[in-house]
Asker: 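Pasting a structure below so you can have a look.
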Amino acid sequence: ICPKPMLDLNNELVWEIFSKHLASQARVAGLGGFIGFDYASLPSLFAAYEVAESEWFIYFDKISVLAKVALTYWGSKD
């Protein structure tokens, strides 16, 4: 995975969840093309990291941004 970027303190935990756990949940198409992530593990990860349920959607939105960036790079054929 990418080296840790400089982040606002409010995004440190999002990066940790993404880089340590979700990045290993990448899903690929038939010929190995990256298509996205399996988000099924997020509720248990949020609970394990003691993220308040009222903030799950905020964390999901931030993780979705990271996933979109990852798709740009990992899904590239270059």
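These values consider heavy atoms only, across backbone and side chains, with no hydrogens, waters or symmetry-generated copies.
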Asker: What distance separates L42 CG from Q25 CD, expressed to the nearest 0.5 Å?
Answerer: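 It is 9.0 Å, given to the nearest 0.5 Å.
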
Asker: Contact between Y39 and L22 at the side-chain level, heavy atoms closer than 4.5 Å - yes or no?
Answerer: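 Sidechains of L22 and Y39: in contact.
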
Asker: Considering residues at least two apart in sequence or located in another chain, which fulfil the side-chain contact (heavy atoms from CB on, under 4.5 Å) criterion with L66?
Answerer: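 side-chain contact (heavy atoms from CB on, under 4.5 Å) list for L66, sorted by chain: V14, W15, F18.
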
Asker: Establish whether W56 and L13 are linked, either directly or via other cluster members, by ILVMFWY side-chain heavy-atom contacts under 4.5 Å.
Answerer: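 Yes: a chain of side-chain contacts under 4.5 Å links W56 to L13.
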
Asker: What side chain to side chain donor-acceptor pair (under 3.5 Å) pairs are there with at least one residue in residues 41-50, not counting sequence neighbours?
Answerer: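 For residues 41-50, and leaving out neighbouring residues, the side chain to side chain donor-acceptor pair (under 3.5 Å) pairs sorted by first residue read E16-Y49, H21-Y49.
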
Asker: For the atom pair OH (Y59) and CG (N11), what is the distance rounded to the nearest 0.5 Å?
Answerer: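 Interatomic distance, Y59 OH to N11 CG, rounded to 0.5 Å: 8.5 Å.
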
Asker: How long is the span from the CZ atom in F57 to the OG atom in S64, to the nearest 0.5 Å?
Answerer: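 The distance works out to 11.0 Å.
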
Asker: Can you name the closest pair of heavy atoms from K62 and N10 and give their distance?
Answerer: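 Looking at all heavy atoms of both residues, the closest pair is NZ-O, 3.6 Å.
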
Asker: So F46 and I17, do their side chains get closer than 4.5 Å, heavy atoms only?
Answerer: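 Yes, side chains in contact.
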
